[in-house]
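Have a look at the structure below, then the notes.
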2 protein chains.
Amino acid sequence: MKKSRQPTINDVAREAGVSKKTVSRVINRSPLLNEETRAKVEAVIARLGYVPNPQARALALRRNFLIGVVHDNPNAQTVLRVQRGILEVLRGTEFELVVRPVDRGSPTMLEDVRAFLERQRLFGVVLLPPISENDALAELCDSIGCRYVRMGSAQLDDPDHMVASNDREAVKEAVTYLIEMGHRHIGLVQGPHGFRSAMERRAGFEDALEAAGIPHPKSLVADGNYTFDSGFQAGVRLLDLLPRPTAIFCSNDEMAAGVLHVARQRGLDVPGDLSILGFDDTTLAAHIWPPLTTVRWPVSSMARSAALKLVGGLDGDAVEEPSMFLSTLIRRASVAPPRG
Amino acid sequence: MKKSRQPTINDVAREAGVSKKTVSRVINRSPLLNEETRAKVEAVIARLGYVPNPQARALALRRNFLIGVVHDNPNAQTVLRVQRGILEVLRGTEFELVVRPVDRGSPTMLEDVRAFLERQRLFGVVLLPPISENDALAELCDSIGCRYVRMGSAQLDDPDHMVASNDREAVKEAVTYLIEMGHRHIGLVQGPHGFRSAMERRAGFEDALEAAGIPHPKSLVADGNYTFDSGFQAGVRLLDLLPRPTAIFCSNDEMAAGVLHVARQRGLDVPGDLSILGFDDTTLAAHIWPPLTTVRWPVSSMARSAALKLVGGLDGDAVEEPSMFLSTLIRRASVAPPRG
DNA sequence: TTGCGCATTGCACAGGTGTGCAAGGTGACA
DNA sequence: TGTCACCTTGCACACCTGTGCAATGCGCAA
């Protein structure tokens, strides 16, 4: 062996006695190809251990074999579950995963993302909530020609570019469960304003109360921003109320943990004195005490589906990936009928 | 404008009336360059909004401007903290972050990583524990010519390629704290066999007991594998002992949460009946009740330093990044003197 | 004026793959 | 046998940047 470098498409072509173009067709599974030629070339490829150079492909195709995760999601668990879901799909393919956090507050956010997408020529991106709710971002992807899938709690305008979950219905079911247990005085710790997930979950909460004919005064609604600390603050406010709510629904698990801390500090028994209901089913939910009754947000499945929507259909047959995923109630120990 | 494409180095060269090479020198900050020419070229670059094409650069340089995270770490929190730390350093640079989980158990693991590194031609990788302890992996990076930094709890053989923390001393200090509070019957939930972090933490535990002249029978040591469930199992075993330990040190927070669950199920008061000490200081530690006394593993700082070791020193002056980081005891509410 | 050294610049090719278009080959049919 | 259509293949160039080495220009001394 004169050359210690990795074999190139030229080496394969020479060895196989065909042209580069033909080798290229073999690699890219062109149907316009004699079966015999294909077999011959494939044998040489296997013998030389040839692997196409991704950098050269990226240059020639003007497209990189990279999938991006663009997010501003504060929840570590969620972000990592999405990554894992995508990586599961990408494993064994030529795609790699690149992570790109953005700052929703920054005035240059859109320009930053544009620069990122244009420079890196990503094959596609998965947009996590809440940034996925930004329509300008989706339009940006469209205009650049970058495939994208938005994850969200929204309705399904465009199944090709969206995977969603039925948060509203799931929350309605969960809160109905509280009502059926006898709770009438139920607090809500809602997510930040402007987040669709927060709106959907609040709507589900209200749906349940309305269906049961239970009034829901403003005082029973506390603001949160999906963090533990904001949950703690909201818990302080709600548990100061007289009469005290007998149950609290929190729009995510971290805030539920915050409320639980307040209950502990006040010596309240959970679920005896207070039932707590969360949302997400992060590992935190199962690891705190008592184990948290929560709504499982099927984020891993959604991420897998998103990835398949991006890279699927490349081997010819376009697989129809589901776009709607069901959040389901997970019953643990943090909910019980109210005392008395 | 005839061409709607992005400007290339040729456009810049033509506009500026110089050759490609000269433009290239401006971009790559070559010192062999007339100051006047540099200014002229930079003006054209700014006017055209020229940005070098990363794909073409990757091909020509045979090196991609990507930093990889190679890991098999089961802890979501840890993985994400590392990512965040690295991304903090990479923000504003031309580098992107690509994530690559591996399967330590797989017989083809090393080959997989080799293929990944050779194909993608990463600029550098950060190796997370426990896979970072694999010497063959480090040698592989060396032989391929891929820069790397190992994160670990190990001693510092090679500061250029390693960032480490003083787990052993930190644990010794933490367990000494338990002893000073009056605990004499202290359990250990150790990490999985073959993990250096597990060894170091166990060694620190034993150091403290030996220094205080306290015997430590095998029965007080339970095996774990850094998961909540294994912590739970270990907790069951330790809390079945007679006499029951008055304190338990767990080699990470998740296992500590598992032990806490066992204590709750048995109606034990923490820290009244049982003190629990964790390691890592993940958010879980602060979010469970009672807040967990734990050792803060400075993983974010370590990750930042690792990233700087990889990409630093490119602008001329090589910055000396620290390689050793101090884990420190965080005192919360899960530790108290034993009763009686 | 010539020669020399130094600072600066440019040519031409490398890096590896994809593709438009034209050419080559083959079989069928009149 | 000639013609035509169709299937298969190959050439040459595009994609964009980096670099070895030669060339250019300039000042200065002999």
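Residue numbering restarts at 1 for every chain, and letters A, B, ... go by the order of the sequence lines.
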Partner of A:Q55 under side chain to side chain contact (heavy atoms under 4.5 Å, CB included), chosen from B:R63, B:R121, B:R57: B:R121

Any side-chain heavy-atom pair of B:L127 and B:M151 under 4.5 Å: no

If you round to the nearest 0.5 Å, how far is CZ of B:R100 from CG of B:L66? 13.0 Å

Please determine whether any donor N or O and acceptor N or O are separated by less than 3.5 Å between the side chain of B:K20 and the base of C:dG10. no

Would you indicate what B:N10 reaches in the nucleic acid, counting non-hydrogen atoms under 4.0 angstrom: base, sugar-phosphate, or nothing? base

Take atom CD of A:Q120 and atom C1' of D:dC16, then tell me their distance rounded to the nearest Å. 15 Å

Given atom CD1 of A:I27 and atom C1' of C:dG18, what is their separation to the nearest angstrom? 10 Å

Are any of the side-chain heavy atoms of A:Q83 and A:V79 separated by less than 4.5 Å? yes

From CZ of A:F65 across to C1' of C:dG16 the rounded distance in Å is 14 Å

Nearest whole angstrom, please: distance from the P of D:dT17 to the CG of B:N64. 15 Å

Lys/Arg N to Asp/Glu carboxylate O, B:E88 vs B:R304, below 4.0 Å: yes

In whole angstrom, what separates A:R14's CZ from C:dG16's P? 12 Å

Between B:R47 and B:E15, is there a side-chain N and carboxylate O pair less than 4.0 Å apart? yes

Can you tell me if B:K40 uses its side chain to pair, donor with acceptor, with the backbone of B:G17 under 3.5 Å? no

Do any side-chain nitrogens or oxygens of A:T22 fall under 4.0 Å of OP1 or OP2 in D:dT9? no

Assign the ring pair B:F65 / B:F123 to parallel, tilted or perpendicular, where the plane angle (0 to 90°) is split at 30° and 60°. tilted

Considering only heavy atoms, which members of residues 52-62 of chain A lie under 4.0 Å from some atom of DNA chain D? A:L59, A:A60, A:R62

By the 4.0 Å heavy-atom rule, please label A:S24 as base, sugar-phosphate, or nothing. base

ring-ring contact (aromatic ring centres under 6.0 Å, His included) contacts touching residues 129-151 of chain B (sequence neighbours left out): B:Y148-B:H161

Could you tell me how far apart B:E36 (CD) and C:dA7 (P) are, to the nearest whole angstrom? 18 Å

What's A:V23 touching, base or sugar-phosphate or nothing? Going by heavy atoms closer than 4.0 Å. nothing

Do any N or O atoms of the protein come closer than 3.5 Å to N or O atoms of nucleotides 20-25 of chain C, and which pairs are they?
| residue | atom | partner | partner atom | Å |
| --- | --- | --- | --- | --- |
| C:dG20 | O6 | A:K21 | NZ | 3.3 |

Does B:Y50 make a side-chain N or O approach to OP1 or OP2 of D:dC16 shorter than 4.0 Å? no

Considering only heavy side-chain atoms of A:I9, the closest of C:dT17, C:dT8, D:dG10 is C:dT17

Here the distance between atom C1' of C:dG16 and atom CZ of B:R119, to the nearest Å, is 13 Å

Rounded distance in Å - CD (B:E35) to P (C:dA7): 15 Å

Presence of A:T8 side-chain N/O under 4.0 Å of C:dG16 phosphate oxygens OP1/OP2: no

Pair B:R147 + B:D142, salt bridge at N-O below 4.0 Å: no

